[in-house]
Q: 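Questions regarding the structure given below will be posed in turn.
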Protein chains: 2
Amino acid sequence: MSVTIKDVAKQANVSVATVSRILNNLPGYSEETKQKVVKVIDELGYQPNAIARGLISKKTNTMGVLLPKVSDLFASEILAGIEDVAHEFDHSVIICKTDKDGTRTMKYLQTLREKQVDGIIIVSEYITKEYYDMLTRMNIPVVLVATQSNYDIPCIKVDDFKASYEAVTYLLDKGHIHIGMISGTRSDKMTTTPRVHGYRQALIDSGLPFTENAVAYGDFGFQSGIECMQQLLSHQKHLTAVFCASDEMAIGALSYLYKQGIKVPEQISLLGYDNTATAQKAIPPLTTIEQPLYKMGRRAFEVLIKGERKVNLIYPHRIIERDTVTNREPIALLNK
Amino acid sequence: MSVTIKDVAKQANVSVATVSRILNNLPGYSEETKQKVVKVIDELGYQPNAIARGLISKKTNTMGVLLPKVSDLFASEILAGIEDVAHEFDHSVIICKTDKDGTRTMKYLQTLREKQVDGIIIVSEYITKEYYDMLTRMNIPVVLVATQSNYDIPCIKVDDFKASYEAVTYLLDKGHIHIGMISGTRSDKMTTTPRVHGYRQALIDSGLPFTENAVAYGDFGFQSGIECMQQLLSHQKHLTAVFCASDEMAIGALSYLYKQGIKVPEQISLLGYDNTATAQKAIPPLTTIEQPLYKMGRRAFEVLIKGERKVNLIYPHRIIERDTVTNREPIALLNK
DNA sequence: GTGAAAGCGCTAACAT
DNA sequence: ATGTTAGCGCTTTCAC
């Protein structure tokens, strides 16, 4: 049997109320009794039971985090941010890996509710009506990171349209005119759509045509990067640059190109998205659009703990220039 | 105010005991009342309070996981395994990122105790006397993954000495005789020492000399891989192969070599350790020693939930052949 | 300055 | 088959 507040009280010859006061730094005891009690606590190795506390206070000091994968630099970078602030605020974080499985998500939401978490952070996941209904019924603060929703839920993200527009413009400025795109999941209206639109708009604003065939739809993962690159190459012979909607896909594309003996960036320039740790470790190091993932994770936790209910935070992206994008010589234009 | 078991009882005209029985699938009620109660539960959207339950049952259905980093393929692969079984067993997992900060670790242990977790999994962390004392005082089941301890704590790992011995033997079999090693943290007796010993023994058993200068000590990370490779090259001009104690360091070495214009594997063969996701994505794909990280994570959780207190599980490693190791032509031997 | 006692939401005897 | 009641370990009035 574990030692409880009662044991401490008995041993110190005071009431549990007094011990509780001392534990919580409330007024109402002499310095003398405090010394006595603290001594007993130490001797007995007493530690308060957070469960009992939580039952009364209706606060558990724990937040739940829903994410698609944990073994993925994208989500885990956000998670790192969340965890750090949580620690600063003396909170714990429960992780729920949804594996893009809707059933699992609902189950997790329920568990989180039962465990009375103080808030929920949802990372890069689409909010269905089912989720939203559940969320409102639960009446627990929620915040979205790296995604957003048509429903009224606070979110923290980058301006995908703008980032994508600038990414393509960057390629355009380098002289590229045949630019392909490896995009995310086709059905993902929250993330994929704005990025494809940004790509298209940048092309159009430069007087260049938008071709359906120049965009391949993957799933943000490495393998799909390989497949999309292959697909793109089979349709689009003139491609000199490809904008990828995730670093993982860019790395996949890089691998495919390497295997085909196509030089990056000499023959094809590659531009990633996210700036996860993998980007700088690639060979050659990947030029990419940075999303401040760690900071976004931190901020998400803060939204929850500060009780902000109506925020829609746009975080700044920026281009990290490394070695996978090069100038397209003017000569190429003429050759065409 | 949230709806409680009392509300359900009142609404359904039964006692809380009956509701509780139905909730927990205990015998003692008619099918009729069950229907009635279930209906009310549904109408009211009632969900049991796990905190209250935990207070009585002394079980929280949550496990704590201590790991050095979350944004690291090594730990997160183990975490993925843990999380999956946890979900299967209807448990939650609280993550505690220690950041190689001893203070933080002690704090986390305390929090986990207060939150009454049912068990603790410690991933690749050295157990100090301070931790061990805390752990015994807490009286919570613990299991170690990818590390071990002189203290009596269950653990799950690979045989580092043997894996390392075989890794080097593999290189030897390929004809290499000047083999360097990029090792982990020098002070890490649990992981680094056996690997270095395995390396040395393999050399000695082949009648080759062991040179202190042929092993560089990093910290398992990418950057240290770069530095160690550079260091090795400055001392050891004849090196034709390097065994790295982690994939991350191998990737770092690969990057450095690439930047120096040294071809892998034509000029230098590289062998990694872990087989994290990064290995197959490298250019060229990295040959490495696999540790079944995901499975080890799964098993760790099972040890806890099955209450196994005295296990010392050695998981099988194996060589994953990819493209960074090549034969050293016999001619090289002659040249020497 | 300190203690007694009522509950937080639930489970588990013990009654009936 | 169902209800009553005593806690689980703690916080928090309300007395004194």
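All chains are named by letter (A, B, ...) in the order of the sequence lines, taking the proteins before the strands, and each is independently numbered beginning at 1.
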Q: Closest heavy-atom contact between B:Val93 and B:Ala86?
A: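 B:Val93 and B:Ala86 have their closest heavy atoms at CG1-CB, 3.6 Å.
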
Q: Report yes if at least one side-chain N or O of B:Lys58 is closer than 4.0 Å to OP1 or OP2 of D:dG9; otherwise report no.
A: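 Checking D:dG9 against B:Lys58, a side-chain N or O does come within under 4.0 Å of OP1 or OP2.
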
Q: Please report the end-to-end axis angle for the helix from C:dG1-D:dC16 to C:dT16-D:dA1, five pairs per end, rounded to 10 degrees.
A: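 Comparing the first five pairs with the last five, the axes sit 40° apart.
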
Q: Between B:Ser20 and B:Arg53, do the side chains contain an N or O donor and an N or O acceptor separated by less than 3.5 Å?
A: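 Looking only at side-chain atoms, B:Arg53 and B:Ser20 do not form any donor-acceptor pair under 3.5 Å.
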
Q: I need the CD-P distance between A:Glu32 and C:dT2, as an integer number of Å.
A: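 About 8 Å, once rounded to whole Å.
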
Q: May I ask you to check whether B:Lys115 and A:Ser92 show a side-chain donor-acceptor distance below 3.5 Å?
A: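 Yes, side-chain donor-acceptor contact under 3.5 Å.
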
Q: Going by an N to O cut-off under 4.0 Å, is there a salt bridge joining A:Lys295 and A:Glu302?
A: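 Between A:Glu302 and A:Lys295 there is no salt bridge, as every charged N stays at least 4.0 Å from the carboxylate O atoms.
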
Q: In B/S/- notation, 5' to 3', how is nucleotides 11-16 of chain D contacted by protein heavy atoms closer than 4.0 Å?
A: BBB---

Q: For the side chain of B:Asn49, starting at C-beta, report the closest nucleotide among C:dG9, C:dG1, D:dT4.
A: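 Between C:dG9, C:dG1, D:dT4, the one nearest the side chain of B:Asn49 would be C:dG9.
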
Q: Considering only side-chain heavy atoms of A:Lys6, which listed nucleotide, D:dG9, D:dC8, D:dG3, is closest?
A: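 Side chain of A:Lys6 sits closest to D:dC8.
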
Q: Which residue pairs pass the side chain to side chain donor-acceptor pair (under 3.5 Å) test with at least one member in residues 119-128 of chain B, sequence neighbours excluded?
A: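 Residue pairs passing side chain to side chain donor-acceptor pair (under 3.5 Å), neighbours aside: B:Thr98-B:Glu125.
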
Q: B:Lys10 NZ to C:dG9 C1': how many Å, rounded?
A: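 Nearest whole value for this atom pair: 13 Å.
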
Q: Testing the 3.5 Å rule here: is there a donor-acceptor pair between the side chains of B:Tyr315 and B:Asp159?
A: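 Result is no, nothing qualifies.
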
Q: Without decimals, in angstroms, what is the distance between A:Gln116 CD and D:dC10 P?
A: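 After rounding, the reported distance stands at 19 Å.
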
Q: Sequence neighbours left out, cut at 3.5 Å: what donor-acceptor pairs do the side chains of residues 5-12 of chain B make with other protein atoms?
A:
from	atom 1	to	atom 2	distance (Å)
B:Asp7	OD2	B:Thr4	N	2.7

Q: So, A:Thr276 and A:Asp274: side-chain donor and acceptor under 3.5 Å apart, yes or no?
A: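 No pair is found: no donor N or O on one side chain lies under 3.5 Å from an acceptor on the other.
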
Q: Round to a whole Å and report the spacing from CG of A:Leu55 to P of D:dG7.
A: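 It is 17 Å, rounded to the nearest whole Å.
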
Q: Please state how far atom CD in A:Gln47 lies from atom C1' in D:dG9, giving the value in whole angstrom units.
A: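 Taking atom C1' of D:dG9 as the reference, CD of A:Gln47 is at 14 Å.
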
Q: Could you verify whether a donor N or O on one side chain and an acceptor N or O on the other, from A:Arg21 and A:Ser15, lie under 3.5 Å apart?
A: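 Absent: no donor and acceptor within the cut-off.
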
Q: Side chains of A:Thr60 and A:Asp118 only: does a donor on one sit below 3.5 Å from an acceptor on the other?
A: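 The criterion, which ignores hydrogens and geometry beyond distance, is satisfied for A:Asp118 and A:Thr60.
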
Q: Can you tell me which residue pairs pass the ring-ring contact (aromatic ring centres under 6.0 Å, His included) test with a partner in residues 55-109 of chain B, sequence neighbours excluded?
A: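 As it turns out, the ring-ring contact (aromatic ring centres under 6.0 Å, His included) pairs with a partner in residues 55-109 of chain B, which skip direct neighbours, are A:His87-B:Tyr108, A:Tyr108-B:His87, B:His91-B:Phe301.
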
Q: What integer distance in Å separates A:Ile51:CD1 from C:dC8:P?
A: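 Rounding to the nearest Å, CD1 of A:Ile51 and P of C:dC8 are 18 Å apart.
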
Q: Taking for each residue the nucleotide of DNA chain D bearing the nearest heavy atom, is the 5' side occupied by B:Lys34 or by B:Ala52?
A: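 Taking each residue's closest nucleotide, the earlier one in sequence belongs to B:Lys34.
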
Q: What are the residues of residues 135-142 of chain B, sorted by number, that bring a heavy atom to within less than 4.0 Å of DNA chain D?
A: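 Those residues whose heavy atoms fall under 4.0 Å from DNA chain D, taken from residues 135-142 of chain B, amount to none.
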
Q: Heavy atoms under 4.0 Å, any strand shown: does B:Asn13 hit a base, just sugar-phosphate, or nothing?
A: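 If one applies the 4.0 Å heavy-atom cut-off, B:Asn13 turns out to touch the sugar-phosphate alone, with no base involved.
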
Q: Whole angstrom is fine here: how far is it from NZ in B:Lys59 over to C1' in C:dT11?
A: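 Atom-to-atom, B:Lys59 to C:dT11, this comes out as 15 Å.
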
Q: Using only side-chain N and O atoms of B:Thr4, determine if any of them is under 4.0 Å from OP1 or OP2 of C:dG9.
A: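 For C:dG9, neither OP1 nor OP2 has a side-chain N or O of B:Thr4 closer than 4.0 Å.
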
Q: Might you work through the side chain to side chain contact (heavy atoms under 4.5 Å, CB included) test for B:Thr191 and B:Phe220, ending with a clear yes or no?
A: CA-CA 11 Å; B:Thr191 316; B:Phe220 296 108; 4.1 Å; yes

